[in-house]
Amino acid sequence: MDLAAMGSTTALEAQRRMLRIRRFDERASKMVKRGQIPGTVHTSIGQEAQVVGATMALGDDDYMTGNHRSHGHPIGKGSPLGPLMAELVGKGTGVCGGKGGSLHLADFNVGSLGESGIVGSSIPIATGAALSSKVLGNGRVSLAFFGDGAANQGCLYEAMNMAGTWDLPVVFLCENNQYALSTPAHTVTSGVIAERAAGFGIPGVRVEDGQDFLAVFDAVTEAVERARRGEGPTLVEVVTYRFNEHSEGLRLGVDYRDAAEKASWLEKDPIVLFRKHLVTEGVATDDELDALEREVDAEVEEAFEFSQTSPFPDPSVAFADLYTEPFGPTHLSRDGAKSAEQAFSTIGA
Amino acid sequence: MDLAAMGSTTALEAQRRMLRIRRFDERASKMVKRGQIPGTVHTSIGQEAQVVGATMALGDDDYMTGNHRSHGHPIGKGSPLGPLMAELVGKGTGVCGGKGGSLHLADFNVGSLGESGIVGSSIPIATGAALSSKVLGNGRVSLAFFGDGAANQGCLYEAMNMAGTWDLPVVFLCENNQYALSTPAHTVTSGVIAERAAGFGIPGVRVEDGQDFLAVFDAVTEAVERARRGEGPTLVEVVTYRFNEHSEGLRLGVDYRDAAEKASWLEKDPIVLFRKHLVTEGVATDDELDALEREVDAEVEEAFEFSQTSPFPDPSVAFADLYTEPFGPTHLSRDGAKSAEQAFSTIGA
Amino acid sequence: MAKSTMSFLGAIGAAQKEAMDADERVVIIGEDVEANVYGTTGAGKSRKDKGDFLQMYGRNRIRNTPISEEVIVGAAAGAAMTGLRPIVDLSYSSFLYMAMDQFVNQVAKNRYMFGGQASMPVVFRSAMFYGLNTGAHHSDRPYPMFMNVPGLKIVVPASPSDAKGLLRTAIDSDDPVLTFEACMLWGLKEEVEEDEYRIPFGVARTVREGTDVTVVAIATAVPEAVKAADALAEEGISVEVIDPRTLVPLDSRAVLESVAKTGRLVVADPAHKTCGAAAEISAIVAEEAFDALKAPIARVVTPDTQIPFSPALEKQLYPNRESIADAVRRVAGARPRQLADAR
Amino acid sequence: MAKSTMSFLGAIGAAQKEAMDADERVVIIGEDVEANVYGTTGAGKSRKDKGDFLQMYGRNRIRNTPISEEVIVGAAAGAAMTGLRPIVDLSYSSFLYMAMDQFVNQVAKNRYMFGGQASMPVVFRSAMFYGLNTGAHHSDRPYPMFMNVPGLKIVVPASPSDAKGLLRTAIDSDDPVLTFEACMLWGLKEEVEEDEYRIPFGVARTVREGTDVTVVAIATAVPEAVKAADALAEEGISVEVIDPRTLVPLDSRAVLESVAKTGRLVVADPAHKTCGAAAEISAIVAEEAFDALKAPIARVVTPDTQIPFSPALEKQLYPNRESIADAVRRVAGARPRQLADAR
Ligand SMILES: Cc1ncc(C[n+]2csc(CCOP(=O)(O)OP(=O)(O)O)c2C)c(N)n1
Ligand SMILES: Cc1ncc(C[n+]2csc(CCOP(=O)(O)OP(=O)(O)O)c2C)c(N)n1
Ligand SMILES: [Mg+2]
Ligand SMILES: [Mg+2]
């Protein structure tokens with residue numbers, strides 16, 4: 001699709017979302033280094049075109065699941081930044097009330113059904129969301145993000161087969177950033193991921209230039225439209241690169257990524273590329289794009305402030321939300337004398 | 001391969017093994033009906049060419065794993081019939097001492113590492129046997145039998161990918177008898193099973209006439225040779241048909257297999273076909289083949305007698321073989337006063 | 001209300017039919033459910049009978065699946081998070097391991113991790129075929145490992161009416177429920193209410209009242225415990241038999257109150273011994289009713305071995321009327337010191 | 001013998017190196033083992049250091065895998081049945097569920113089902129990252145569910161020297177062993193023998209002797225129990241701390257003998273409560289040392305909830321010196337009747 005066909009509103013929104021991801025993740029990285037986030041985070045820096053190209057191809061009501069490289073997905077789907085940032089810090093105002101953290105972001109308001117810390121494990125969930133769309137006939141499409149590493153988990157093939165058999169409206173979106181932690185994809189992957197679709201009777205598409213927002217957007221849009229027409233699933237593999245280490249703060253003794261390779265990919269910054277394209281095609285001026293960047297900076301700054309000023313959850317929150325219909329130890333809750341919280345704290349520790 | 005190239009010894013051995021499977025399974029079926037076997041059995045009747053075409057392509061030292069349709073595999077690999085039949089009855093002389101039963105036959109003497117009652121679950125085991133061959137450099141090839149139903153278990157694709165990556169000497173042998181219990185393969189399988197190999201960077205072969213011993217033998221021989229040369233795994237899908245119900249004694253209210261379809265496949269009896277071929281090609285006369293049949297009949301009769309006259313295992317056998325280095329409840333075994341068996345029976349019941 | 005004779009299996013089918021009729025969001029997902037291979041998706045065994053689920057509800061709601069337990073369970077979870085209320089038929093309990101990651105990491109955790117954004121109204125049914133010479137791959141009784149996973153509810157019915165009422169509650173529940181149905185009970189028949197009814201979770205059934213020894217029994221151990229109690233009554237020992245029915249939530253009050261009365265506890269549980277349901281029930285009582293206890297707590301369980309195929313080997317392993325009665329006699333008769341010395 | 005200071009993690013690496021040197025059939029299989037991401041496949045963290053496993057043993061024996069836990073575990077099992085002795089690094093314990101079918105249906109059952117034809121010399125290592133704000137998907141402590149599976153041996157070391165000696169025994173064992181290594185202990189350092197040594201399975205370690213209350217502690221609860229014991233000593237309560245070290249086999253005699261002396265038991269176990277290791281240990285004592293017991297058996301465990309991410313929420317959930325000390329005071333001080341009334 002060219003920019004004219006897309007329209008400037010959509011194009012600028014894409015650039016805005018990519019920038020949000022970039023700035024959000026840069027800030028999160030800084031926060032990890034400063035000890036403001038417990039544990040670690042996995043950034044999508046460098047992969048913004050791949051993320052936003054996919055999420056912008058979805059409608060607001062469509063579903064999505066993701067993985068440990070998690071912040072970009074809900075941001076790309078339109079989730080507000082404050083509650084996401086607060087979640088990373090473990091605050092009560094976090095999108096999951098502080099229960100989830102970086103690896104388990106979910107924002108049901110924008111169709112984000114949850115990121116999964118277990119590699120591959122959310123692919124069946126997205127397939128199930130597509131099953132409910134199909135049974136209920138509500139026209140919603142579902143998209144599962146997963147990495148090149150996850151592409152070797154068996155559940156992906158069970159899911160492709162089930163979705164292929166039932167023509168479920170789901171897009172399997174492989175973020176092939178060429179590494180799974182320290183492991184180069186080519187050393188553990190036999191064959192080509194996108195070509196695995198054919199054996200399961202579904203289309204497989206490989207987007208070679210995953211740094212190009214439009215290339216990703218076009219491929220995923222086609223897959224989404226196909227799904228929406230009732231024609232079933234598609235596997236889309238997007239070749240991209242993560243600019244940072246697997247996770248922030250991780251230091252390995254081994255240089256598993258070649259310096260020249262890294263340098264050549266850093267040249268292909270998706271945000272820089274798309275900005276150039278927007279200017280060249282006359283969609284926006286440099287000044288307008290500078291302003292957009294400042295807006296996003298402010299947004300991220302505000303999210304950061306929100307994450308810092310929000311209170312931590314009350315310790316009793318640890319005992320809520322396990323069940324929709326909680327029970328507590330039956331003999332305690334039945335006599336009504338003690339709340340489930342009290343019961344738990346007596347019994348637990 | 002034509003029969004001349006194969007040699008009459010091999011050709012007649014193939015016919016003998018197919019007949020052994022047929023007669024063994026016919027007898028087992030009868031025994032189920034007469035209550036001589038507890039539970040049920042799954043016969044390979046109709047699939048003998050597919051089974052023996054695969055096992056005869058293996059050497060004596062090669063490994064093999066299988067599934068619930070279990071008797072044909074060790075018979076095809078050359079396991080003696082008596083201990084197999086005794087195992088079906090639960091006798092102490094059974095190949096697994098009565099612990100396994102029909103679904104869990106294993107005869108390590110002929111490289112049979114075990115049939116699995118869990119659909120798909122033995123595929124990783126065969127892959128691991130191939131890994132040990134590779135690491136130890138002992139030249140052994142491994143073959144995993146599984147059904148069209150099992151071809152939708154994710155572990156198959158994990159195994160194909162691992163084997164493809166490491167060039168493991170393993171053959172993935174899909175016995176596509178077109179049904180998984182009551183479920184027609186085409187209703188739950190998206191795409192073509194053999195074509196799934198390509199996406200995993202390994203050859204996939206579909207033997208359309210799985211009733212033809214030579215067709216199966218040729219395809220598997222090529223895969224085995226490839227594996228033995230260090231060139232890695234192959235997926236071989238063999239199209240065949242089971243003549244009996246999924247399991248003996250099972251009665252479903254639904255005719256999930258079309259009568260005409262059934263009749264047309266019954267015409268394609270692999271043993272009848274190969275016998276004709278042997279006679280036409282002058283490998284053996286009708287008289288010689290009648291004699292061979294009588295020999296096999298006698299073998300099966302002897303196995304049956306063995307299964308009937310052998311004693312049941314002592315109840316204490318239930319407590320043996322769980323560990324190579326057993327321990328029993330530590331505080332009991334340490335004081336030496338009680339044996340592990342006694343300890344178990346005190347505690348268990 | 002009208003009652004009719006139902007088998008355990010028939011009761012399950014009846015509850016499923018009720019729920020399918022009551023709510024369009026209820027769907028059935030599983031291997032061979034179209035052909036009603038396991039007998040709970042049709043009133044009769046034949047498609048020609050009226051009452052066949054496929055004919056009644058169609059392929060949109062009766063989902064015959066590939067053999068892919070991991071995606072079956074995960075897809076049911078994803079569907080449950082987005083508006084369906086699936087009943088998943090996993091046939092044998094031994095196949096649940098195939099989907100363990102989905103059970104533990106998705107089904108049990110999602111609602112909690114996401115701060116209550118998701119509900120997970122899904123029921124996973126499976127049958128425990130132990131005792132039928134099916135060998136080690138088809139004889140599992142894995143409910144204890146699921147009891148160790150917070151976020152799941154665990155049901156083990158032991159009678160046709162419980163099977164029907166508990167399954168209905170399970171389907172109505174907004175939380176994930178696993179039911180474990182012992183096949184040796186399939187043939188049990190009793191008068192069951194034809195109309196809708198629900199049995200609340202966390203409420204034990206006192207199957208038989210008694211004063212000397214409490215026997216908490218699970219699955220097939222329930223009828224065996226009743227038989228043991230009958231025999232012991234003739235010996236002058238009065239046994240109270242309690243069936244918890246749901247293991248999560250567990251009606252520990254019912255157990256504690258009974259032990260407060262009897263002072264003696266035997267737990268009969270067909271799962272493996274170590275970290276089994278019997279261990280949990282024993283530990284609760286040792287912690288919360290210690291003062292009432294007059295004797296050691298005895299576990300009658302399946303020893304920590306796998307399940308052998310041979311009819312000469314298998315049956316001895318499970319709790320039965322004799323082993324339960326022996327344990328009751330032991331805790332009823334022996335003074336504690338004698339037992340301690342015997343060790 | 002020469003000793004040197006080793007961390008818990010360093011001790012694991014040392015045991016692996018010993019075993020790799022001793023036997024060519026020992027291989028290491030796992031994700032990111034080439035790059036030594038988890039710190040146990042190299043003497044240093046850098047490939048340039050001498051002591052890097054990949055350089056020393058090569059790609060034939062250091063098998064860097066795809067992310068495919070199911071086939072990793074199954075292939076290790078198949079390899080173990082045919083002549084290799086694999087050590088499998090599964091990194092986080094939370095990933096074991098992915099391979100649950102292989103663990104339960106193949107690893108644990110094969111030898112038994114096949115009547116002893118197979119041995120299964122394979123070790124599955126995994127690390128429990130609880131307590132480090134990694135959220136619900138990386139904080140599991142799943143050893144109880146594996147304890148319920150006959151055929152597996154289960155090791156939970158709590159000190160560097162135990163980690164080294166137990167892992168060596170595990171690798172030498174002809175049976176499948178699962179080790180669960182608590183990350184919060186990784187940094188622990190102590191003097192460890194440099195030479196080969198083996199710690200037998202089924203022999204508990206009495207970490208601290210005492211006379212009033214027995215505390216059986218697992219994993220991170222061991223150092224916490226010691227701290228609690230120190231504090232309680234000042235209050236005049238003498239605590240005996242026992243670390244079972246292997247949960248299967250379990251040294252129940254050591255526990256029973258200690259309880260025979262103290263009459264009081266607290267079990268501190270970071271696994272979830274229901275059907276956890278603490279339940280099993282409690283049930284054994286309630287069955288076999290009832291007469292010696294003077295007070296209820298207290299479990300100090302992780303309550304039956306999933307693990308929240310927030311630092312404001314997580315830490316409170318695990319057994320710690322305060323909660324262990326509280327439980328000890330409870331069983332030491334209270335007369336049983338008071339406790340029963342308090343319920
Ligand atoms: C089931 C499982 N196995 C292993 C891990 C540990 N792990 C976390 S991220 C990761 C690499 C994932 O690679 P990929 O899928 O390519 O995603 P990327 O990080 O490259 O975006 C690994 C091995 C995990 N979280 N879950
Ligand atoms: C994991 C698992 N799921 C389901 C079953 C129940 N089951 C046993 S055999 C079978 C059908 C298998 O079909 P296929 O693989 O095609 O083998 P076939 O019986 O046709 O030879 C099913 C569903 C099982 N044993 N294991
Ligand atoms: Mg990657
Ligand atoms: Mg089949």
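Residue numbers begin at 1 in each chain, while the letters A, B, ... track the order of the sequences. Just so you know, these numbers come straight off a predicted model, no measurement behind them.
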Atom of Ile125(A), atom of Met81(C) and distance for their closest heavy-atom approach: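 Shortest heavy-atom contact: CG2-SD, 4.2 Å.
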
For the student: nearest non-hydrogen atoms of Gly149(A) and Val119(A), plus distance: C-CG1, 4.4 Å

Measure [X] against the heavy atoms of chain A and call it side chain, backbone, both or neither at under 4.5 Å.
X: Leu152(C); answer: backbone
X: Asn60(C); answer: both
X: Glu70(C); answer: both
X: Glu69(C); answer: backbone
X: Pro150(C); answer: both
X: Ala108(C); answer: backbone

Hey, which of [options] has the most heavy atom pairs under 4.5 Å with chain C?
options: Gly97(A), Gly154(A), Cys155(A), Pro313(A); result: Cys155(A)
options: Ser142(A), Ser132(A), Gly101(A); result: Ser132(A)
options: Ser122(A), Ser121(A), Gly120(A); result: Ser121(A)

Which residue out of [options] racks up the most heavy-atom pairs below 4.5 Å with chain A?
options: Lys153(C), Arg63(C), Glu24(C), Lys109(C); result: Arg63(C)
options: Ser173(C), Ala77(C), Pro66(C), Gly83(C); result: Ser173(C)
options: Gly115(C), Ala118(C), Pro86(C), Ala99(C); result: Gly115(C)
options: Met120(C), Met113(C), Arg61(C); result: Met113(C)

Flag, side chain of Gln117(C) to backbone of Val95(A), donor-acceptor distance under 3.5 Å: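 The answer is yes, because a donor-acceptor pair under 3.5 Å joins these two groups.
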
N/O donor-acceptor pair under 3.5 Å between Ser133(A) side chain and Ala129(A) backbone: yes

Aromatic plane relationship, Phe103(C) with Phe146(C) - under 30° parallel, 30 to 60° tilted, over 60° perpendicular: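 Correct class here is perpendicular.
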
Whether Phe200(A) and Tyr157(A) hold their rings parallel, tilted or perpendicular, with breakpoints at 30° and 60°: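 Rings of Phe200(A) and Tyr157(A): tilted, 30 to 60°.
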
Cation-pi geometry met for Lys17(C) and Phe53(C) (6.0 Å, 45°): no

Under 4.5 Å from any heavy atom of chain C, what part of [X] do you find: side chain, backbone, both or neither?
X: Ala318(A); value: both
X: Glu87(A); value: neither
X: Leu113(A); value: both
X: Leu103(A); value: neither
X: Tyr63(A); value: side chain

Evaluation steps, salt bridge (Lys or Arg N to Asp or Glu O under 4.0 Å), between Arg205(C) and Asp243(C): CA-CA 5 Å; Arg205(C) 176 169 65 109; Asp243(C) 173 3; 3.4 Å; yes

Carboxylate-amine/guanidinium contact Glu237(A) Arg196(A), below 4.0 Å: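 The answer is no: the pair does not qualify as a salt bridge.
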
Residues Asp107(A) and Lys77(A) bridged, charged N to O under 4.0 Å: no

More than 12 heavy atoms from other groups under 6.0 Å of CD on Glu231(A): yes

